[in-house]
Protein chains: 2
Amino acid sequence: MVLQTLNSLGPQHGYAIAARLGQVSGGALQLNMGTLYPALMRLEQRGLLRGNWAITDNNRRARFYALTAAGRRELAKERQAWDRMAAIIHALLRGEI
Amino acid sequence: MVLQTLNSLGPQHGYAIAARLGQVSGGALQLNMGTLYPALMRLEQRGLLRGNWAITDNNRRARFYALTAAGRRELAKERQAWDRMAAIIHALLRGEI
DNA sequence: GGTGATATTCCGTTGGTGTGTCTAATAGAG
DNA sequence: CTCTATTAGACACACCAACGGAATATCACC
C-alpha cells in the first residue's frame with residue numbers, strides 16, 4: 001500500500017502517506033506511527049524506496065520517500081500476488097472451491 | 001479460512017483442514033502445523049469451535065472440530081470484513097482511489 | 001508560548017515459522 | 001507371525017517479525 005501510494009502520488013513523507021491511505025479508504029487503512037515508520041525503513045533497507053530530507057510546502061523539514069526502479073518492479077509483483085491470493089480467498093469464502 | 005472449511009465440510013480434524021486448504025488453493029494456502037494447531041486452540045478458546053476426540057475413517061484417533069453458532073456468526077462477520085477490505089485494497093492497487 | 005506537523009524510538013503483545021517429539025495404526029520384509 | 005518403517009495426527013517450544021500505542025523531540029507558525 002505504501003509502494004502504491006508513492007507510485008500514484010510521487011515522493012511523499014510518512015505523515016502524508018498515512019493521511020492519504022486513511023483518507024482514500026474511508027478510515028479503513030489507518031497506519032499508526034509505530035507501524036509506518038519501521039515499515040518505511042524496511043522498504044528503504046530493501047532498496048525499494050529512497051529517502052531524502054526536504055522542505056514541505058508548509059516549510060517544514062520532512063523525509064520524502066521515492067520509489068526506486070526495484071520498488072516499481074516489487075509493486076508489480078505484489079499486485080499480481082495480491083490478485084491471485086484475493087481470488088482464491090474470495091472463491092473459498094463463497095464456497096466455490 | 002478454517003471457519004469456512006468447517007462450514008463447507010462439517011466437522012474435520014486439523015490435518016484434514018490443512019490438506020483441504022492446500023488442495024483447493026493449488027498450494028497457495030499451506031498452513032504449517034505450528035500455525036494451524038495454535039490457531040485451532042485460539043478459535044476454540046474464543047468459543048467459535050468445539051473439539052471432540054473421535055476415530056477417523058482410517059481408524060485413528062483425531063480431534064474433530066465443529067463450528068459453533070458463535071463460529072457461524074463470526075464467519076459471516078469475517079466474510080463481510082474481507083469483502084470490504086478487499087474492495088478497498090483492490091481499488092487502491094488499481095489506482096482508482 | 002502554545003499548537004500542530006513530522007519523525008523517531010521504545011516496549012509489550014500477538015502470532016507465525018520451523019522443527020522436534022509423541023502415539024497409534026498400518027504396510028511390508030523376512 | 002514378528003519386527004520394523006512409515007504414515008497420520010497432535011502438540012510443544014524457541015525464535016523472530018510485525019503491530020499497537022504511547023512517549024518524546026524538533027521546528028515553524030500565529
Side-chain angles (χ1 to χ4, degrees), chain A residues 1-6 9-23 25 27-66 74 78 81-82 85 88-89, chain B residues 1-6 9-23 25 27-66 71 74 78 81-82 85 88-89 92:
Chain A
M1 302 185 311
V2 169
L3 296 180
Q4 171 62 32
T5 302
L6 295 178
L9 302 186
Q12 298 290 324
H13 52 78
Y15 209 79
I17 294 171
R20 165 82 177 178
L21 282 172
Q23 173 234 324
S25 66
L29 306 176
Q30 285 293 3
L31 303 189
N32 67 29
M33 303 289 108
T35 302
L36 177 60
Y37 286 104
L40 287 171
M41 293 170 198
R42 286 193 301 272
L43 292 170
E44 188 171 16
Q45 200 75 21
R46 292 172 55 195
L48 308 180
L49 304 183
R50 197 169 356 92
N52 287 308
W53 288 101
I55 303 295
T56 69
D57 45 0
N58 58 359
N59 201 28
R60 285 180 168 86
R61 279 172 75 256
R63 191 161 176 83
F64 282 75
Y65 290 94
E74 178 68 15
E78 298 271 2
W82 163 264
M85 192 59 90
I88 290 172
I89 294 183
Chain B
M1 302 183 312
V2 169
L3 297 179
Q4 170 62 32
T5 302
L6 294 178
L9 301 187
Q12 298 290 324
H13 51 80
Y15 209 81
I17 294 172
R20 165 85 178 177
L21 283 173
Q23 175 235 323
S25 66
L29 306 177
Q30 285 293 6
L31 302 189
N32 68 28
M33 301 289 108
T35 303
L36 177 60
Y37 287 104
L40 287 171
M41 293 170 197
R42 286 193 301 271
L43 291 170
E44 188 172 18
Q45 199 76 21
R46 290 172 55 193
L48 307 180
L49 304 183
R50 197 168 355 94
N52 286 309
W53 288 102
I55 304 295
T56 69
D57 45 0
N58 59 357
N59 201 30
R60 285 180 167 85
R61 281 172 74 254
R63 192 160 176 84
F64 283 75
Y65 290 94
E74 179 68 14
E78 299 270 3
W82 164 264
M85 193 60 90
I88 289 171
I89 294 182
L92 178 69

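Computed from a predicted structure; not experimentally measured. First the proteins, then the strands, lettered A, B, ... as listed; each starts at 1.
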ask   = Quick one: is A:H13 getting a side-chain N or O under 4.0 Å of the C:dA7 phosphate, OP1 or OP2?
value = yes
ask   = Hey, does the side chain of A:Y37 come within less than 4.0 Å of C:dA7's phosphate (OP1/OP2), counting only N and O?
value = yes
message = Please report the interatomic distance CD(A:Q4) to CG(A:L9), rounded to the nearest 0.5 Å.
response = 9.0 Å
message = So if I define the base as every atom that isn't primed, P, OP1 or OP2, how would nucleotides 10-25 of chain C read as a B/S/- string at a heavy-atom cutoff under 4.0 Å?
response = -----SSBB------B
Take atom [atom1] of [X] and atom [atom2] of [N], then tell me their distance rounded to the nearest Å.
X: A:I55; N: D:dA28; atom1: CD1; atom2: C1'; result: 10 Å
X: A:Y15; N: D:dA28; atom1: OH; atom2: P; result: 17 Å
X: B:D57; N: D:dA8; atom1: CG; atom2: P; result: 12 Å
X: B:L40; N: D:dA12; atom1: CG; atom2: C1'; result: 15 Å
X: B:Q12; N: D:dA10; atom1: CD; atom2: C1'; result: 16 Å
X: A:Q45; N: D:dA17; atom1: CD; atom2: C1'; result: 15 Å
X: B:M41; N: D:dC13; atom1: CE; atom2: P; result: 11 Å

request  = Please name the pair of heavy atoms, one in A:Y65 and one in A:G51, separated by the smallest distance, quoted to 0.1 Å.
outcome  = CD2-CA, 3.8 Å
Set of residues satisfying side-chain hydrogen bond (donor to acceptor under 3.5 Å, both in side chains) with respect to B:N52, sequence neighbours excluded = none
query = Given A:E44 and A:R63, is the side chain to side chain contact (heavy atoms under 4.5 Å, CB included) satisfied, shown in steps?
reply = CA-CA 12 Å; A:E44 188 171 16; A:R63 191 161 176 83; 3.3 Å; yes
task = Verify, without hydrogens or angle tests, whether B:Q12 (side chain) and B:T5 (backbone) share a donor-acceptor contact under 3.5 angstrom.
result = no
ask   = Checking B:S25 side chain against B:L21 main chain: does a donor-acceptor pair fall under 3.5 Å?
value = yes
